[in-house]
Amino acid sequence: MGQPEPASGGHAHGHGEKHGLVAIFLWVAAWYGVSSANSYSINRAFDDGMGVAQLLLLQYITGVVMGLLSRKVAPRTLASFNSEEFICGAMHASGSLATLASLKLLRPPFVQMSKALEPVFGVFFAFLLGFPLEPRRQFLISLLISCGLGLTVIAEAMASCWSVKPFLLALLSCVCFQLRNVFSKRYLETTKVPAATFYFVMCRDALYSSAAFFLVYQVFSPQPLASWTGQWALVEAVTYTLYNLISYFVLEMVSSPVTHAILGTLKRAVIIASLAVLYHIPMTTMFLAGSLLTLSGCYLHSIVAKRLPKPSFGSINATTRKSLFTLAAIVLLIILCTSVAIGNNRAKPQCSTAKEAPASSGSHVDTHSAGSIDNKDPGNTNSNSNNKAQSGQANDEGKSKADEDVLDDLPPGPSEPFTCATQTMPVFFWNGRVGMWKRGNFGDDFNIAIMTFMLNVTHTSVKRVDQKYILPVSPAAPATNSNHPKLLAVGSVLAFARTGDVLWGVGVHEKSLSKVDWEGVKRTTITALRGPLGCAALKKEGVLKCGEGVGDPALFAPVVWPWLRPSANPKHARCYIPHHFDEVFVPMATSLGYNVILSSQSPIKVAEAMMQCAHVVSSSLHGLIFADAFGIPATWLRNVSSPVAEEGVLKYRDHFASTGRVVTPTESLADPPTPIPRLAPEKLKRLLFGLIDSFPYDRVCQENIGAVARLSLKRKVKQRLNV
């Protein structure tokens with residue numbers, strides 16, 4: 001977030017001698033630590049399902065509460081109103097909103113670098129207001145900062161991690177924080193209010209603005225609200241307030257302009273480095289060079305600015321203030337419109353893990369390059385993966401003891417390292433957070449988790465971009481549209497398959513069969529389907545082959561998150577996971593004593609909640625699949641009066657058939673739940689092995705990693721399932 005400048009607008013002369021070096025060091029260490037923790041917790045709060053406006057509102061609620069508890073402000077002070085205080089709070093909230101929204105689609109280190117442009121805007125405002133400047137020197141420094149930022153923009157664009165809207169928001173946040181500084185310094189000069197007191201008063205006015213932003217978001221970009229007391233949300237809100245307060249204190253402790261410049265520059269460098277380490281984000285040479293130039297420029301700017309005569313903010317006349325008010329209103333409106341346009345999508349910053357993006361990489365791949373569709377035989381209709389599955393078929397007839405021994409005959413030793421550094425095909429999934437529904441679905445969102453697992457890239461290597469339904473996982477994955485050759489995996493998304501696509505673990509449901517482009521499906525490569533009933537539906541339409549693997553990739557959940565285990569003493573006797581059409585039954589479920597787990601939450605949140613359930617009743621298919629994978633007793637609920645009934649039962653029976661079970665649904669929440677027969681661990685292992693063998697590494701990755709990847713992942717399955 002925007003770093004507040006000292007209340008006086010500069011350093012407090014003479015204060016440096018009053019504080020020992022040890023005390024200063026400890027406060028600076030706390031400053032760096034809290035600021036890094038705040039940056040990290042923002043992204044973890046997003047993981048927990050917090051929306052931008054919800055997190056913003058929580059920040060300032062926490063700030064006001066901490067102000068009251070610390071007795072820095074009196075309740076009657078918070079109840080007062082002043083126009084200049086309000087504009088400070090509005091700019092503070094707008095800058096924070098812009099920063100949070102930019103973190104939706106940009107990597108955290110790059111957002112920090114973008115905010116390093118604040119000194120450039122500071123020079124611009126100083127020029128407009130007639131404050132003291134060293135024009136030539138400060139122009140050159142601003143040029144240095146801008147060039148450095150330009151290099152980081154190029155580096156991010158080469159790694160497919162850059163997007164215009166969030167970058168615009170990051171820049172506008174700099175404008176907001178500079179406007180806040182102008183108004184706050186003028187106010188502090190004329191009122192002599194202590195800095196800490198003023199910060200809490202500013203939190204009050206920021207709370208008014210953030211409440212308005214929250215209402216706008218709920219109208220134009222709605223999202224089911226996450227828990228206001230979520231662990232990471234509270235950590236973010238508290239560290240945000242502490243970070244701002246410590247900033248005021250530390251920057252007033254030092255008297256030397258050089259020390260002041262070093263501390264500010266190092267703080268930004270520490271945050272960037274810590275985020276890169278925590279999120280396993282590789283830094284390219286170009287990004288590091290740009291960062292070095294930008295941080296050097298920030299350091300030089302701070303040196304020059306602190307040696308200039310102190311400007312008089314109280315001398316700003318009424319006409320200039322009105323112009324600044326108008327500019328503030330325009331910036332606020334642009335930020336609000338742009339951030340709402342981005343919406344509450346959890347586009348977690350996720351890009352390539354390649355150490356250096358190749359010269360030919362970017363958001364588009366030449367269709368004649370290695371690993372592209374055109375390198376395959378165009379006449380090979382429904383070709384199978386080059387690496388055939390050894391197991392995992394829906395029909396286990398004919399399997400000998402020797403066949404099963406093959407599954408266990410893995411060489412000893414740790415998993416071999418591998419990674420798909422250059423992905424040649426994007427992944428498609430139904431993204432409910434874009435378009436009509438404005439909501440997510442954890443089953444479809446599991447595509448993010450399973451792709452990071454199968455390709456062995458960090459979570460930060462996957463990025464959901466603006467384009468609907470497309471999930472590039474590396475710089476070479478083309479981020480075009482749903483008609484580009486792509487990989488389809490988790491979800492009943494057969495209706496979106498087109499010529500040249502690759503299908504792995506895809507499912508179908510009756511409602512979408514009439515929408516399927518069957519001629520296009522005949523020209524896809526199918527390596528695995530969810531189950532044998534889906535395969536039968538395809539063969540009925542003339543699709544000859546269904547691939548070697550069988551099973552829904554969501555069955556990998558306990559392997560992807562090995563730390564999750566069902567509780568030995570679950571908190572809830574019964575949990576209800578409704579299909580999103582079935583949320584009308586939530587009040588009924590609550591009255592019957594069910595703990596409700598909404599399918600609009602992130603996959604990890606749903607899985608974590610399920611660990612505290614003794615029994616799961618679900619009309620969501622992936623609620624049942626997660627329960628099967630984790631070994632939690634479950635019941636399939638199918639209310640014939642629900643809109644879900646229109647989708648039919650094919651996708652449910654298809655999953656159960658892949659596991660060799662026939663299941664009858666329960667028709668009402670009020671009925672005694674009929675447990676589904678448990679999925680045996682050995683059967684789960686065979687399904688997962690089959691999916692691993694059928695994963696199309698040769699089509700998705702430029703590198704030849706198939707053999708090593710399959711061996712490594714099978715070892716992980718055996719180790720994590722303990723079978």
Side-chain angles (χ1 to χ4, degrees), residues 389-396 407 427 429 441-455 487-493 503-508 527-535 546-566 577 599 603-604 606-608 610-611 616 618 620-634 636 651-661 663 676-695 710 713-723:
Q390 297 172 343
S391 63
Q393 301 300 305
N395 187 348
D396 286 328
L407 301 176
V427 181
F429 71 108
N441 177 56
F442 77 97
D444 298 286
D445 288 348
F446 187 72
N447 277 285
I448 299 174
I450 189 58
M451 287 303 143
T452 60
F453 177 74
M454 298 303 296
L455 303 178
L487 173 66
L488 293 85
V490 185
S492 303
V493 291
L503 280 60
W504 176 73
V506 167
V508 298
T527 68
L529 291 175
R530 178 186 287 152
L533 302 186
C535 179
C546 298
E548 297 294 326
V550 67
D552 193 297
L555 289 168
F556 278 98
V559 186
V560 173
W561 303 310
W563 59 89
L564 293 182
R565 291 289 182 267
I577 307 178
S599 60
I604 183 66
V606 172
E608 287 174 342
M610 291 177 68
M611 298 305 102
V616 169
S618 177
S620 162
L621 172 62
H622 284 96
L624 298 171
I625 293 174
F626 270 29
D628 275 344
F630 284 104
I632 301 172
W636 170 22
K651 67 178 185 178
Y652 299 91
R653 297 199 186 283
D654 197 23
H655 162 65
F656 294 128
S658 73
T659 61
R661 298 173 295 172
V663 177
I676 296 171
R678 294 283 190 96
L679 176 60
E682 283 293 333
K683 178 63 177 178
L684 175 60
K685 183 182 73 172
R686 287 198 295 270
L687 289 172
L688 298 185
F689 275 24
L691 287 170
I692 290 171
D693 281 325
S694 61
F695 189 82
R710 291 184 175 92
L713 295 179
K714 287 181 180 180
R715 284 177 177 153
K716 288 182 180 179
V717 168
K718 288 195 63 176
Q719 176 185 2
R720 297 179 184 183
L721 295 184
N722 196 26
V723 290

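For reference, positions follow the sequence shown, starting with 1. As the structure is a prediction and not an experimental result, all values here were calculated from the model.
Judged by distance alone, with hydrogens and angles left aside, the side-chain atoms of Thr527 form a donor-acceptor pair with the main-chain N or O of Leu503 at under 3.5 Å.
Listed by chain and residue number, Arg720 satisfy the side chain to side chain contact (heavy atoms under 4.5 Å, CB included) test with Pro562 (two or more places apart in sequence, or in another chain). Shown here are the side chain to side chain donor-acceptor pair (under 3.5 Å) partners of Arg661, two or more places apart in sequence or in another chain: Asp628, Thr659. Every residue two or more places apart in sequence or in another chain that forms a ring-ring contact (aromatic ring centres under 6.0 Å, His included) with Phe446 is listed here: Trp561, Phe626. Listed by chain and number, the residues in a side chain to side chain donor-acceptor pair (under 3.5 Å) with Ser492 are Arg530 (sequence neighbours excluded). Under the side chain to side chain contact (heavy atoms under 4.5 Å, CB included) criterion, Ala489 pairs with Asn447, Met451, Trp504, sequence neighbours left out. For the ring-ring contact (aromatic ring centres under 6.0 Å, His included) test, residues two or more places apart in sequence or in another chain that qualify with Trp636 are Tyr652, Phe656.
Between His622 and Phe442, the angle of the ring planes goes over 60°, which puts this pair in the perpendicular group of the 30/60° scheme.
For the atom pair Trp563 CH2 and Glu608 CD, the distance stands at 8.5 Å (nearest 0.5 Å). Taking NE2 of His655 as the start and CG of Leu679 as the end, the distance is 7.0 Å to the nearest 0.5 Å. Distance CG/Leu555 to CD1/Ile450: 9.5 Å, rounded to 0.5 Å. Rounded to the nearest 0.5 angstrom, Lys651 NZ and Leu621 CG are separated by 5.5 Å. How far CZ of Phe556 is from CD1 of Ile625: 12.5 Å, rounded to the nearest 0.5 Å. Here the straight-line distance linking atom CG of Asp693 with atom CG of Leu713 works out to 10.0 Å at 0.5 Å rounding.
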(request) Please report the C-alpha distance between Leu529 and Asp654 in whole Å, then the side-chain angles of each, then the deciding distance to 0.1 Å, and finally whether the side chain to side chain contact (heavy atoms under 4.5 Å, CB included) criterion is met. (result) CA-CA 10 Å; Leu529 291 175; Asp654 197 23; 5.9 Å; no
(message) Using the rule given for side chain to side chain contact (heavy atoms under 4.5 Å, CB included), can you reason through Leu688 versus Lys716, listing the C-alpha separation, both sets of side-chain angles and the distance that settles it, and then say yes or no?
(response) CA-CA 11 Å; Leu688 298 185; Lys716 288 182 180 179; over 6 Å; no
(request) Go through Leu487 and Phe695 one step at a time and tell me if the side chain to side chain contact (heavy atoms under 4.5 Å, CB included) criterion holds. (result) CA-CA 10 Å; Leu487 173 66; Phe695 189 82; 4.2 Å; yes
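In terms of heavy atoms, Pro558 sits closest to Leu721 at CG-CD2, 4.2 Å. Here the shortest heavy-atom pairing between Val663 and Pro677 reads CG2-CD, 4.4 Å. Closest heavy-atom contact between Gly505 and Pro553: O-CD, 3.5 Å. Minimum interatomic distance between Lys714 and Ile692 (heavy atoms only, all atoms of both residues): N-CD1, 3.9 Å. Nearest approach of Gly531 to Ser658, heavy atoms of both residues: CA-CB, 3.9 Å. Across every non-hydrogen atom of Ala634 and Leu624, the tightest pair is CB-CD2, 4.3 Å.
Counting heavy atoms from C-beta on, the side chains of Leu691 and Met454 never come closer than 4.5 Å. Between Pro633 and Arg678, some side-chain heavy-atom pair lies under the 4.5 Å cut-off.
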